[in-house]
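Here is the naming used below: chain letters follow the sequence lines, and residue numbers restart at 1 for every chain.
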Protein chains: 2
Amino acid sequence: MSTAKVLPLAKVLPPLEPEAVAPCCPSLTERPLTSDEAERTAVMFKALGDPVRLRLFSAIASHEGGEACVCDISDVGVSQPTVSHHLKKLREAGLLSSERRGTWVYYRVEPSVIAAMGQLLIRAAAA
Amino acid sequence: MSTAKVLPLAKVLPPLEPEAVAPCCPSLTERPLTSDEAERTAVMFKALGDPVRLRLFSAIASHEGGEACVCDISDVGVSQPTVSHHLKKLREAGLLSSERRGTWVYYRVEPSVIAAMGQLLIRAAAA
DNA sequence: TCAGGACATCGACGTACGTCGAAACAATCC
DNA sequence: GGATTGTTTCGACGTACGTCGATGTCCTGA
């Protein structure tokens, strides 16, 4: 029955090639951002611009090893599908990567992207 | 006529008492954010989560002295009311302060808040 | 006092977003 | 294979958000 699946649905969700999401973060202070640069950078900030996503991100970042499985961080007051939706947003923004290990899926913060966003702001504050 | 105005409409828009907007930024990595902390912090990230606002912010940050009048930064492809709306959002988030000087209104980046947001991310990346 | 420029507010419109329950998918255990 | 648990996807719903034109407010200069 249905031997041909329409989509294989990657078993391990890829970390999202970093280039696509963030060629990253041209300085905010050196010159005004172009429309394209702003579009790409805004995606990352928008991802952290929701209370639930911020709590999920914080829960993962503060978990030992900087990673946590979904089951560890689902106590944020919304339904489980909603948690999954938000984690997907964070992953698409390049801030998290995920990997399935047996029954559970583990999410991990993507240090390079986070650090780049931080530098961006630090430099803007120093200007 | 109408000698009694309903609202005085502050001549100089205040920098927004910093406490209200950000008692600021508890570490993302030390422990999971509470609901309230996430709510307050998300406002700041959300403010930078729009391409037009990011371009306005960058235009101000990259302008000499870290400040610019609205007339200097209105070339972002949206109408004047929309620019005003976005600047208000950034100010309400505590990221900008504004001051009227004669005919023009000058916006300036609020270094302490921006720096705090940056530290937040840097620490999360280092975890 | 009045005209004009700079900026903010108002009200309305369309779209994007957060949320949920139901259902599909994946791995494990019996 | 079937039941069970963990996670994602789907479809639908209400609300929040970005955008605009029209209008109001504040300041300046004649």
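Of the two residues near DNA chain D, A/Trp104 and A/Pro81, the one whose nearest nucleotide lies more 5' is A/Trp104. In terms of position on DNA chain C, the residue among A/Thr82 and B/Cys69 whose nearest nucleotide sits closer to the 5' end is B/Cys69. In terms of position along DNA chain C, the nucleotide closest to A/His85 lies nearer the 5' end than the nucleotide closest to the other residue of the pair A/Gly102 and A/His85.
Expressed to the nearest 0.5 Å, how far CD1 of B/Ile73 lies from CG of B/Leu56 amounts to 5.0 Å. Separating the CZ atom in A/Arg55 from the CG atom in A/Asp75 is a distance of 9.0 Å, to the nearest 0.5 Å. Separation of atoms CG (B/Leu48) and CG (B/Leu95) is listed at 5.0 Å; rounding is to 0.5 Å.
Counting non-hydrogen atoms under 4.0 angstrom, B/His86 reaches the backbone sugars and phosphates but no base. At a threshold of 4.0 angstrom between heavy atoms, the contacts of B/Thr103 are confined to the sugar-phosphate backbone, with no base atom among them. Using a 4.0 Å heavy-atom distance criterion, B/Val52 is classed as a sugar-phosphate-only contact. Contacts of B/Arg101 with the nucleic acid, taken as non-hydrogen atoms under 4.0 Å apart, are absent.
Regarding A/Ile73, its CD1 atom lies at a distance of 9 Å from the P atom of D/dT7, rounded to whole Å. When the P atom of D/dG18 is taken as reference, atom CD of B/Glu92 falls 11 Å away, rounded to whole Å. When rounded to the nearest whole Å, the span between CD of A/Gln80 and C1' of C/dA26 equals 13 Å. Distance B/Lys88 NZ to C/dC7 C1': 13 Å, rounded to the nearest Å. Nucleotide D/dG6 holds its P atom 13 Å from the CG atom of A/Asp75, rounded to whole Å. The distance between atom CG of A/Asp72 and atom P of D/dT7, rounded to the nearest whole Å, is 8 Å. To the nearest angstrom, C1' of D/dT7 lies 15 Å from CD of A/Glu99. When the C1' atom of D/dA16 is taken as reference, atom CG of B/Asp50 falls 13 Å away, rounded to whole Å.
Listed pair A/Tyr107 / D/dG6 fails the phosphate criterion, with no side-chain N or O lying under 4.0 Å from OP1 or OP2. B/Ser79 has a side-chain polar atom (N or O) that falls below the 4.0 Å cut-off from OP1 or OP2 of D/dC20. For D/dA16, the OP1/OP2 oxygens have no side-chain nitrogen or oxygen of B/Lys46 closer than 4.0 Å. Distances shown here put every side-chain N or O of A/Tyr106 at or beyond 4.0 Å from the OP1 or OP2 atom of D/dT7. A close approach under 4.0 Å does occur between a side-chain nitrogen or oxygen of B/Ser84 and OP1 or OP2 of C/dA8.
The A/Arg100 side chain lies nearest to D/dG6 when the options are C/dC17, D/dG6, D/dT19.
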Subject >> Chi angles and distances behind the salt bridge (charged side-chain N to carboxylate O under 4.0 Å, His left out) call for A/Arg101, A/Glu99 >> reply: CA-CA 6 Å; A/Arg101 291 208 283 273; A/Glu99 179 188 0; 3.2 Å; yes

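Across every non-hydrogen atom of A/Pro51 and B/Glu39, the tightest pair is CG-OE2, 3.6 Å.
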